[in-house]
Amino acid sequence: MIKVERMSLFLVELPLLSPFVTSFGEERVKHALLVSLSGDGIMGWGECVAGAGPWFSSETVETARYIITEHLRPILSNRKTFEDPSELPRLFSVVRGHPMAKAAVEAAAWDLFARAQKKPLFQVLGGVREHIPAGVSVGIHPDIPSLLASVESFLNDGYQRVKLKIKPGWDVEPVRAVRERFPEALLSVDANAAYRPEDAPVLKELDRYGLLMIEQPLGFTDLLEHARLSQSLATPICLDESIDSAHRAWEALELGACRIINVKQGRVGGVTEALAIHRLALARRVPLWCGGMLETGIGRALNVHLATLPGFSLPNDISATKRYFREDIADPPFELENGHIPVPTRPGLGVEINWDRLLRSCTWSRTWKL
Ligand code: OSB
Ligand code: MG
């Protein structure tokens, strides 16, 4: 039995080394909400993947702070113990929606749970890898030469797959240029829901460039439209934003809306739900990979552990710490070794908070006795 005696929340702001531009906006600073749960002298950490504004999803760090403080904290307070973190989604289900807020608290419980057993988290989750293949997500650039320079430097770093962010007006041209320059590279694209069904002819042109997948071309509620688009494309569709639960993953696969799934534990409401998607995908032989949300070392570590599961068979959006941050709030930083990230072997997430840097980048924090 795991005791939970205290909970803390920290809002942090970490400058990104370079602006990250997607079809939905530009980020210069990573805003993160961190959760710690402690009991019996052990502390576990979770990171909420919601962004500064409601662009990728309806949640933000502020909505998550409110939901955790006012609604999830009292639920934990009524309990104060758990046998297994997979109990939490049931308890939290009285709160409708807010998957990223719920996932952040559950993530802290998983770290606490693994630390209490003195086991690295991947072992607790049933992971099978000692290092995971790293891919990189490349934002929208101001011009083709600067894009080519970025892609070249990431390939030289050893990244196994390069994902180009696209949007209407920045699609066929950059993809053609990157493909011509790097004929052998594993390439994919991510539209972050920027296209409409009428844009099918543009997306169809992308079939010529041997892409591994097209990620989330259409709107996040548009499963049927994705299924129809999929019929007209040779390139597999991968869904990100649309997959908000294991049930939705099942629906998408039944409809033929995607052939690959990007798993983000925060987007689907936590590790337990991500494990349910993993079981579904294994049974149906659907390839998975772990997506990213520019996480700090805490969220990045969780992604690394999750990506050790057998169904995560494609390179992940998990890059080295230095791809985004000069200094992170957790140690040690993640580094690339032959295009892979070694999985931490110490207990829990296997990274430790650097209190100095956490407090320096922290804009707000609060602690409660549960
Ligand atoms: O759509 O996968 C996405 C970052 C923020 C929000 C959404 C996405 C992304 C990325 C970056 O593509 C992935 C990463 O390196 O963390
Ligand atoms: Mg995406």
Side-chain angles (χ1 to χ4, degrees), residues 14 16-33 47-61 64 99-100 103 132-141 150-151 154 157 159-167 170 187-195 211-220 222 226 236-244 252 258 260-268 288-304 306-307 312 314-325 328 333-334 336 341:
L14 279 183
L16 294 172
L17 282 169
S18 55
F20 189 73
V21 183
T22 63
S23 64
F24 60 80
E26 175 179 309
E27 277 183 83
R28 290 171 176 274
V29 176
K30 169 65 189 177
H31 291 247
L33 175 67
E47 174 173 346
C48 181
V49 300
W55 307 303
F56 174 84
S57 77
S58 59
E59 290 181 273
T60 71
V61 286
M100 293 176 177
I132 55 115
V136 65
S137 175
V138 181
I140 291 166
H141 276 55
S150 290
V151 171
F154 287 129
D157 288 344
Y159 285 105
Q160 309 257 313
R161 184 228 63 206
V162 172
K163 168 171 124 182
L164 307 176
K165 291 290 193 179
I166 58 168
K167 65 173 182 185
W170 179 264
L187 292 182
S188 67
V189 294
D190 184 1
N192 286 110
Y195 293 87
L211 301 176
L212 196 55
M213 68 191 89
I214 299 181
E215 183 176 342
Q216 195 70 42
L218 308 177
F220 75 101
D222 298 354
H226 276 106
I237 290 179
C238 168
L239 289 176
D240 176 355
E241 284 91 327
S242 288
I243 307 300
D244 55 3
C258 64
I260 300 174
I261 296 173
N262 165 336
V263 176
K264 292 177 177 169
Q265 56 77 32
R267 191 196 64 224
V268 302
L288 301 179
W289 54 283
C290 184
M293 298 283 282
L294 316 180
E295 287 91 345
T296 76
I298 297 298
R300 194 168 298 273
L302 179 54
N303 289 344
V304 169
L306 206 55
F312 286 70
L314 293 168
N316 307 284
D317 265 357
I318 309 178
S319 36
T321 301
K322 71 169 192 201
R323 186 257 178 274
Y324 291 116
F325 306 110
D328 200 343
F334 288 96
L336 232 52
I341 294 185

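As the structure is a prediction and not an experimental result, all values here were calculated from the model. Each ligand, and each atom within it, is numbered from 1 in the order the structure gives.
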Original post:
So, does Lys163 sit close enough to ligand 1 that a heavy atom of it is under 4.0 Å from the ligand?
Top reply: yes
Original post:
Would a distance-only check, ignoring hydrogens and angles, find a side-chain to backbone donor-acceptor pair under 3.5 Å from Glu26 to Val21?
Top reply: no
Original post:
Just wondering, are more than 12 heavy atoms of other shown residues or ligands nearer than 6.0 Å to CZ in Phe220?
Top reply: no
Original post:
ligand 1 versus Glu241, non-hydrogen atoms closer than 4.0 Å: side chain, backbone, both, neither?
Top reply: neither
**OP:** Could you list the atoms of ligand 1 found under 4.0 angstrom from a heavy atom of Glu215?
**Re:** 2 (O)
Subject >> Qualifying residue for side-chain hydrogen bond (donor to acceptor under 3.5 Å, both in side chains) with Asn262, from Lys163, Glu215, Gln216 >> reply: Glu215
**OP:** Heavy-atom distances under 4.0 Å are what count here, so tell me which part of Asp190 touches ligand 1: side chain, backbone, both or neither.
**Re:** side chain
**OP:** Find out whether Asp244 and Glu241 are in side-chain contact, i.e. whether some heavy atom of one side chain is under 4.5 Å from a heavy atom of the other.
**Re:** no
**OP:** Would you indicate which of Gly292, Ser319, Ser57 comes nearest to atom 13 (C) of ligand 1 when only heavy atoms are counted?
**Re:** Gly292
**OP:** Using distance alone, determine whether Asn192 and ligand 1 share an N or O pair under 3.5 Å.
**Re:** yes
**OP:** Could you tell me whether ligand 1 has any atom less than 4.0 Å away from a heavy atom of Lys264?
**Re:** yes
Original post:
How many N, O or S atoms of the protein are nearer than 2.8 Å to the Mg ion (ligand 2)?
Top reply: 3
**OP:** Locate the shortest heavy-atom distance separating Ser23 from Lys167; write the atom from each residue and the value.
**Re:** CB-CB, 3.6 Å
Original post:
Which is it for Lys165 and ligand 1 at heavy atoms under 4.0 Å: side chain, backbone, both or neither?
Top reply: side chain
Original post:
Any N/O of Met293 closer than 3.5 Å to an N/O of ligand 1?
Top reply: yes
Subject >> Partner residues of Arg300 under the side chain to side chain donor-acceptor pair (under 3.5 Å) criterion, sequence neighbours left out >> reply: none
**OP:** State which residues pass salt bridge (charged side-chain N to carboxylate O under 4.0 Å, His left out) with Glu295; sequence neighbours excluded, sorted by chain then number.
**Re:** none
Subject >> salt bridge (charged side-chain N to carboxylate O under 4.0 Å, His left out) involving Asp240 - partner list, sequence neighbours excluded >> reply: Lys264, Arg267
Subject >> Which residue and heavy atom of the protein sit nearest atom 14 (C) of ligand 1, plus the separation >> reply: Tyr324 OH, 3.3 Å
Original post:
Which pair of heavy atoms, one from Pro315 and one from Arg161, lies closest together, and at what distance?
Top reply: O-NH1, 3.2 Å
Original post:
Looking at Ile341 and Ala134, what are the two nearest heavy atoms and their distance?
Top reply: CG1-CB, 4.1 Å
Original post:
Where's the contact between Asp240 and ligand 1, heavy-atom distance under 4.0 Å: side chain, backbone, both or neither?
Top reply: side chain
Original post:
For atom 16 (O) of ligand 1, which protein heavy atom lies nearest, and how many Å away is it?
Top reply: Leu294 N, 2.8 Å
Original post:
CG of Leu294 to CG of Leu14: how many Å apart, nearest 0.5 Å?
Top reply: 11.0 Å
Subject >> Shortest heavy-atom approach to atom 12 (O) of ligand 1 - which of Gly291, Ser137, Cys238 >> reply: Ser137
**OP:** Side-chain contact test, heavy atoms from C-beta onward, threshold under 4.5 Å: evaluate it for Leu33 versus Glu47 and give yes or no.
**Re:** no
